[in-house]
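Encoded as structure tokens, the structure appears first; notes follow it.
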Amino acid sequence: MSFEQFEKKSDEFDFNQFEKDLENMESGNERNENGSVSENSTKTEAEQAGQSDEIKEAYGIVTTGVEPIEIAGTGSKIIGYIAAAQREKVRLGTYVIVPYENENLFAKFTKLQYRQEFTVDDATEIHAGRMLSDKTSARRIHEEDYKLLAQIDPICILYEKKNGGLERRMADRIPKPTTPILPVFDKEMVQTGLNIPKEGIFLGHLSVGGELVKTRSSPPTVAYYMRNDYSSGDPLIFRHMLVCGSTGTGKTFLTKNILRQFETENSRYRQRSDHSIQNMPCLVVMDPQDEYSQLYEDNTLTDADRFNFDSEKVAYGGIRNTKTFTAKVDGERYAGKSRAEQVEFTIPFSFVQYNPWILESAELTENQRNGLEILIADYFKNAKAKNQTPTYVGFKEFVEDPFNKEHYTEETDKIHESSYGGIVRKALNKTYERIFDKDAKPISELFKTVFKPGQVSVFPTEYINNSRIRDLIVLTMMTVIVDNKLSTSGDEDVKNTPIILVLDEAHRYLSSSAGTLSGKIISKFAEAAKQGRKEGLGLFLITQDPQDIETEILKQVNTKIVLNLNNDAAINAVKVPLEYEKRVPYLKKGQMIIHSPDNGDIVEITGLSNCVVKHE
């Protein structure tokens, strides 16, 4: 007999007797095998008081009145009857424990269902009329007239280790009928049951249905941390992280709170060339809205905020080692939203030698792209032979030279004349003149300044009106990091510094459909994602459109934080289980679903109500 097809069988379980049993257990009495009640004289007063408190708080009991209790390797069937007085406290996803003699089954409610208690049917015209005509509080239903049944999904069994503390194992024991179903008030039980690390990168507080899980600890909340040490593999940030949510759901607020946790003395990672050396990471932030330079600034916090943050090891306060790096672009000026130090740089045209895609616009045909790559290669050879510094202006003159055009289109026939004309029209324009080789330090000479352990290096692009230039800056910096991390001859400052690359609006740059610029580095990034653990490179992707991120890259992301999403394609892309998938469009600001290798079960958490750094 299934849960869905339940038919009342009063001889299987007497729910009225349950209420009497509760009263007897509260007073320390027990029911004998013959059904009579006797005083339990073997228990101490403290034990009886403890049992009384537990019973008062119990949601209900495990019952066989619906279907047999069953635990199997492929699934379990455990149904609980929820006592009338406790029903308002029960939520879908509520965590509970079901005690054995010396162990506890840690579980959660995965289905709630009302059934009638008596044979009287409330689906009648008489009953409906009476309820609708009664305008007093008595119109509310009497809970005792109905059964509230909860399906209990086992997560694990908790037991005491010999040397103290809790341990977990798979659910391999069956709970006994009429065993009380208890709320979890012990923080260690919750942390161990969900396999949540007790320290690491703070992400938020465990919650169910938007309500924080409360314990009897101080503070009562259960902090959710992401593992950040080498105790059981590499820190999880090097297996990459995704924060996704619709506009206005608090992605930036949450991201600032998370990023702040990485810049502490306890957050150190092995140097690639020498594992005995451990450094704090460098956060490199691609910032399209100019919001992350505020990581430099303190926020206004109350004493209560500070107490709670200190209690749960949440880092707060501005990161003074924050620098803002701005590309010098003709006609544009960066005003800045924080007091962080500003460093201006230019992109040298020399980057184009090994990254010809920088000049390849989406409108170029394949023949035109091939021709452009020939011209770029020959120009750099020519500049080297003449001992000249390659510049964009020099390349433009090289391509527009009539003698060179004749050489490529007629003498050698390397490039078709129509393709050559397309290159001149599309690849040579004033956009590039505005950004290459400006009067500022080349970014290649600033590696020691940008990639410094314990520093936040922010690259804002909001001040630039031209979207192509903005994309060019972001993609160039992404390429600098990836090329130097993956190449054996890469710059030592980049290779040896643990880097967390924070990419806001990641869908703009990691989608193969976003154009030639993005398409050319997708394969590089996919390889970088695979080798992130070895190379000390962690990707922190932020997006409202996870479905647009290249699948090969998204597959490498192990920790996913999902805020409110109202797009079916986006929800499907993050692959959360069906029970959580339905909740995603209803998540309020600050609520999120998180799936991480730390915990085998997806959980809901709620972020901080206040930002640990300035947020405007």
Side-chain angles (χ1 to χ4, degrees), residues 201-203 228 237 241 243 250-269 279-301 305-306 309 314-328 333-345 440-441 443 445-464 470 473-474 476-478 480-481 493-494 496-506 536-542 608 610-616:
I201 299 298
F202 175 86
L203 301 183
N228 196 42
I237 188 58
M241 191 170 185
V243 173
K251 294 190 299 295
T252 304
F253 183 100
L254 171 66
T255 299
K256 284 182 178 180
N257 282 339
I258 296 174
L259 294 181
R260 177 62 184 89
Q261 309 312 305
F262 284 106
E263 292 300 347
T264 68
E265 283 297 325
N266 294 328
S267 185
R268 289 180 172 271
Y269 309 115
N279 288 320
M280 292 170 64
C282 176
L283 303 181
V284 181
V285 186
M286 300 295 117
D287 185 5
Q289 299 300 325
D290 193 17
E291 295 174 302
Y292 292 97
S293 59
Q294 291 180 348
L295 286 165
Y296 177 87
E297 311 280 352
D298 293 336
N299 195 13
T300 303
L301 301 174
D305 286 331
R306 293 189 179 89
F309 292 163
V314 178
Y316 58 91
I319 304 170
R320 296 294 179 259
N321 198 8
T322 298
K323 289 184 172 63
T324 304
F325 294 88
T326 58
K328 187 164 187 179
R333 181 177 176 274
Y334 175 70
K337 290 185 178 180
S338 81
R339 294 177 292 116
E341 179 185 349
Q342 297 178 22
V343 180
E344 201 171 43
F345 70 92
K441 267 202 170 185
I443 190 65
E445 296 179 14
L446 290 171
F447 284 175
K448 283 185 179 297
T449 306
V450 175
F451 304 106
K452 186 181 292 185
Q455 179 171 291
V456 180
S457 299
V458 183
F459 289 80
T461 56
E462 182 243 1
Y463 67 100
I464 301 170
R470 292 199 299 268
I473 293 167
V474 172
T476 298
M477 290 310 305
M478 290 165 61
V480 164
I481 294 170
D493 292 304
V494 183
N496 283 328
T497 301
I499 294 175
I500 298 173
L501 176 57
V502 183
L503 189 59
D504 204 348
E505 296 188 7
L537 173 63
L539 306 182
F540 193 115
L541 310 180
I542 310 159
L608 296 172
N610 208 349
C611 196
V612 296
V613 295
K614 187 175 181 179
H615 180 71
E616 292 181 347

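Fair warning: this is a prediction, and the values are worked out from it, not measured in the lab. The figures here come from the full heavy-atom set of this structure, side chains too, leaving out hydrogens, waters and symmetry mates.
We find the CD-NE2 distance between Gln294 and His615 to be 7.5 Å, quoted to the nearest 0.5 Å. Here the CG atom belonging to Leu203 is positioned 10.0 Å from the CG atom belonging to Leu608, to the nearest 0.5 angstrom. Rounded to the nearest 0.5 angstrom, Cys611 SG and Phe253 CZ are separated by 5.0 Å. Distance SG/Cys282 to CD/Glu263: 7.5 Å, rounded to 0.5 Å. Distance CG/Leu295 to CG/Asn321: 12.0 Å, rounded to 0.5 Å. Atom CD1 of residue Ile443 and atom CE of residue Met477 lie 4.5 Å apart, to the nearest 0.5 angstrom.
Partners of Arg268 under the side-chain hydrogen bond (donor to acceptor under 3.5 Å, both in side chains) rule, at least two apart in sequence or in another chain, are Glu265. Glu341 pairs by the salt bridge (charged side-chain N to carboxylate O under 4.0 Å, His left out) definition with Lys323, not counting sequence neighbours. Evaluation of the side chain to side chain contact (heavy atoms under 4.5 Å, CB included) rule for Asn610 yields Asn299, Leu301, Asp305 as partners, not counting sequence neighbours. When the salt bridge (charged side-chain N to carboxylate O under 4.0 Å, His left out) test is applied to Lys614, the partners found at least two apart in sequence or on another chain are Glu616. For Glu291, the salt bridge (charged side-chain N to carboxylate O under 4.0 Å, His left out) criterion is met by no residue, not counting sequence neighbours. Shown here are the side-chain hydrogen bond (donor to acceptor under 3.5 Å, both in side chains) partners of Thr326, two or more places apart in sequence or in another chain: there are none. For the side chain to side chain contact (heavy atoms under 4.5 Å, CB included) test, residues two or more places apart in sequence or in another chain that qualify with Ala315 are Arg260, Gln261, Thr264. Under the ring pair (Phe, Tyr, Trp, His ring centres under 6.0 Å) criterion, Phe459 pairs with Phe325, Phe345, not counting sequence neighbours. Remark: Glu505 engages Arg508 in a salt bridge (charged side-chain N to carboxylate O under 4.0 Å, His left out) (not counting sequence neighbours). Under the side chain to side chain contact (heavy atoms under 4.5 Å, CB included) criterion, Asp290 pairs with Asp287, Ser293, Tyr334, Lys337, Pro460, Glu462, not counting sequence neighbours. Partners of Asn266 according to the side-chain hydrogen bond (donor to acceptor under 3.5 Å, both in side chains) rule, which considers only residues two or more places apart in sequence or in another chain, do not exist here.
The backbone N or O of Ala340 sits nowhere less than 3.5 Å from a side-chain atom of Thr324 that would complete a donor-acceptor pair. A donor-acceptor contact shorter than 3.5 Å links the side chain of Asp298 to the backbone of Gly318. Judged purely by atom type and a 3.5 angstrom limit, Arg470 uses its side chain to pair as donor or acceptor with the backbone of Ile464. Gln455 contributes a side-chain N or O that, together with a main-chain N or O of Val450, makes up a donor-acceptor pair within less than 3.5 Å.
Under the 4.5 Å side-chain criterion, counting only non-hydrogen atoms from C-beta, Tyr292 is in contact with Lys256. Between Phe540 and Val285 there is no side-chain heavy-atom pair separated by less than 4.5 Å. Contact of the Leu259 side chain with the Val456 side chain is not registered, since no non-hydrogen atoms from C-beta on lie closer than 4.5 Å. Side-chain contact between Phe202 and Asn257: absent, with no pair of heavy atoms (C-beta onward) separated by less than 4.5 Å. Residues Val458 and Thr322 have side chains in contact (heavy-atom distance under 4.5 Å, counting atoms from C-beta outward). The side-chain heavy atoms of Ile201 and Ile237, taken from C-beta on, include no pair separated by under 4.5 Å. With contacts defined as side-chain heavy-atom distances shorter than 4.5 Å, the pair Val502/Ile542 qualifies. Taking 4.5 Å as the limit, some side-chain heavy atom of Ile258 sits within range of a side-chain heavy atom of Met241.
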Asn228 vs Tyr269, side-chain contact (heavy atoms from CB on, under 4.5 Å): CA-CA, chis, key distance, verdict: CA-CA 9 Å; Asn228 196 42; Tyr269 309 115; 2.6 Å; yes
As a quick check of understanding, evaluate side-chain contact (heavy atoms from CB on, under 4.5 Å) for Val480 and Phe451, giving each step before the final call. CA-CA 11 Å; Val480 164; Phe451 304 106; 4.3 Å; yes
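Counting all heavy atoms, side chain and backbone alike, Pro288 lies closest to Thr461 at CA-OG1, 3.4 Å. Scanning all heavy atoms of the two residues, the minimum distance from Val613 to Gly317 falls at CG1-O, 3.5 Å.
Applying the salt bridge (charged side-chain N to carboxylate O under 4.0 Å, His left out) definition to pairs two or more places apart or across chains, those involving residues 446-455 are Lys448-Asp493.
Residue Arg306 places its CZ atom among more than 12 non-hydrogen atoms of other residues, nucleotides or ligands, all under 6.0 Å distant.
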